[in-house]
Asker: 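I have a structure here, written as structure tokens, and I will follow up with some questions on it.
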There are 2 protein chains.
Amino acid sequence: MLNLTRDGEYAVRAVLYLSSQPEGKISLISEIAETQEVPKSYLSKIMQHLVRAGLVRSRRGINGGFMLARPAESITMRQAIEAVEGPIFLNICLVKKGECHRDDFCPVHPVWKEAQRRLLEVLDGKTMAALASDGEALSKKVKKKQK
Amino acid sequence: MLNLTRDGEYAVRAVLYLSSQPEGKISLISEIAETQEVPKSYLSKIMQHLVRAGLVRSRRGINGGFMLARPAESITMRQAIEAVEGPIFLNICLVKKGECHRDDFCPVHPVWKEAQRRLLEVLDGKTMAALASDGEALSKKVKKKQK
DNA sequence: GACAATAAAGATGATTTTAGTCCTATTTAT
DNA sequence: ATAAATAGGACTAAAATCATCTTTATTGTC
């Protein structure tokens, strides 16, 4: 349907939250779930994907929780999304050569290729560090408005 | 899942086929279905959407069939897709202001807006006439290769 | 007017995906 | 040991996907 699933949305929120925390701080699932408005038990699933993808590190037991596995500057929006949704392909014909046998003579194929390139350019171009910084700026604006 | 459905794929194929026909020619569903490798009864549904969207005109009865309702130059890929899938939104937060109540302070929102803008730019920029012409060029190339 | 060809429209259904919940491990600091 | 935390699998309801089939409406020809 050409739109992001909950999985992707929640993954971005979670990684963004961790990126906004002081370095080295460990965050609880319940903490992330509440602030990011994600069902806790669902989030648990999402976090596991993020861990397996190497974006997030977890610690079990008392004083456990989650933190980024890498600097927020090195994690892109695309990576967060693909960690839970798998690789992004606007159309199956982009999965790999030969996936669609009409490839050779289909004039639509190159259009999708270009569309996908442009989409990914945006998602690749936004790091979690940048998002976190944008978020801070926004929350200052909101507070000003409320005065 | 961020990818095109069959509906969208088939719609593009069907409109493209009609765009490649001599002007004024009426095409049968079975003809479109066979050449475009779309199940006939499924295609029937798709064609109805295209008719209602005003991209295609139909005639019932003997000698009936389908033809473009407008010049192929005036039909974009986006229009063909949205005729069957509805408006394209990469994320629900783009549907309309207020759809996502995190809008005001969410730094991710503008990124999706930009990504969507770029994607639509590509789909808006490709007319069915252009695709048909690209298709012709491609089929010549394929024939050459086969020699 | 009867008939055949054709699309329109609606009912139905199998399969997959989505969006979760819940329960039982397993790990770990104290 | 115990309490606090994540890990991971089983389960589910609802929706979307990808169709098929049947009936109805329209239209040209004889």
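Each chain gets a letter, A, B and so on, in the order the sequences are listed, and its residues count up from 1.
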Asker: Nearest heavy atom decides the nucleotide; on that basis, is A:Pro39 or B:Val51 closer to the 5' end of DNA chain C?
Answerer: B:Val51
Asker: Using the rule that Ile, Leu, Val, Met, Phe, Trp and Tyr join whenever any side-chain heavy atoms are under 4.5 Å apart, tell me whether B:Leu28 and B:Leu18 fall into a single cluster.
Answerer: no
Asker: Between the side-chain atoms of B:Arg60 and the base atoms of C:dA8, is any donor-acceptor pair under 3.5 Å?
Answerer: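 Such a pair does not exist between side chain and base.
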Asker: Which nucleotide in the set D:dT20, D:dA4, C:dA8 lies at the smallest distance from any side-chain heavy atom of A:Ile62?
Answerer: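 The answer is D:dA4.
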Asker: Output the rounded distance in Å from CG (A:Leu43) to C1' (D:dA7).
Answerer: 13 Å
Asker: What is the separation between atom CG on B:Leu4 and atom P on D:dA16, rounded to the nearest whole Å?
Answerer: 17 Å
Asker: 5'-most contact on DNA chain D: A:Gly64 or A:Gln48, nearest heavy atom basis?
Answerer: A:Gly64
Asker: Rounded to whole Å, how long is the line connecting atom CG of B:Asp7 with atom P of D:dC18?
Answerer: 7 Å
Asker: Can you find a side chain N or O atom of B:Ser58 that sits less than 4.0 Å from OP1 or OP2 on C:dA8?
Answerer: yes
Asker: Is it the case that B:His101 and A:Glu37 place a side-chain donor and acceptor less than 3.5 Å from each other?
Answerer: yes
Asker: Measuring from the side chain of B:Asn63 (C-beta onward, heavy atoms only), which nucleotide among D:dG28, D:dA7, C:dT30 has the closest atom?
Answerer: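 The nucleotide sitting nearest to the side chain is D:dG28.
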Asker: Within the structure, does a side-chain N or O atom of B:Tyr10 lie under 4.0 Å from either OP1 or OP2 of D:dA19?
Answerer: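 Result: yes.
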Asker: Could you please spell out the steps behind the salt bridge (Lys or Arg N to Asp or Glu O under 4.0 Å) verdict for A:Glu9 and A:Arg6?
Answerer: CA-CA 5 Å; A:Glu9 169 74 19; A:Arg6 287 299 181 177; 5.7 Å; no
Asker: Over all strands shown, is B:Met1 touching base, sugar-phosphate only, or nothing at heavy-atom distances under 4.0 angstrom?
Answerer: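 Sugar-phosphate contact only - B:Met1 comes under 4.0 Å of backbone atoms but never of a base.
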Asker: Side chains of B:His109 and B:Glu114: any donor to acceptor distance under 3.5 Å?
Answerer: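 Distance-only check fails for B:Glu114 and B:His109.
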Asker: With a cut-off of less than 4.0 Å, is there a side-chain N or O of B:Arg52 near OP1 or OP2 of C:dA8?
Answerer: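 Checking B:Arg52 against C:dA8: no side-chain N or O falls below 4.0 Å of OP1 or OP2.
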Asker: In whole angstrom, what separates A:Glu37's CD from C:dG20's P?
Answerer: 13 Å
Asker: Where the side chain of A:Ser41 is defined as all heavy atoms beyond and including C-beta, which of C:dT21, D:dT20, C:dA8 is the nearest nucleotide?
Answerer: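 Between C:dT21, D:dT20, C:dA8, the one nearest the side chain of A:Ser41 would be C:dT21.
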Asker: Figure out the CD/C1' separation between B:Glu9 and D:dA16, and round it to whole Å.
Answerer: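 Atom CD in B:Glu9 sits about 18 Å away from atom C1' in D:dA16.
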Asker: Just the rounded figure in Å: distance from P of C:dA7 to CE of B:Met67.
Answerer: 14 Å
Asker: Please evaluate residues B:Leu123 and B:Thr76 with respect to the criterion side-chain contact (heavy atoms from CB on, under 4.5 Å), reporting the C-alpha separation (whole Å), side-chain torsions for both, the decisive distance (0.1 Å), and the verdict.
Answerer: CA-CA 7 Å; B:Leu123 300 184; B:Thr76 67; over 6 Å; no
Asker: Between A:Tyr42 (OH) and C:dT21 (C1'), how many Å, whole number?
Answerer: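 For the pair A:Tyr42 OH and C:dT21 C1', the rounded distance is 12 Å.
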Asker: Using heavy-atom distances to pick each residue's nearest nucleotide on DNA chain D, tell me which of B:Arg59 and A:Gly65 is more 5'.
Answerer: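 By nearest-heavy-atom nucleotide position, the 5'-most residue is A:Gly65.
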Asker: Using a distance-only criterion (donor-acceptor N/O pair, under 3.5 Å, no hydrogens), is the base of C:dG10 paired with the side chain of B:Lys45?
Answerer: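 Such a pair exists between side chain and base.
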Asker: Can you check the A:Leu50 CG to D:dT6 C1' distance for me, whole Å?
Answerer: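 Rounded to whole Å, this separation is 14 Å.
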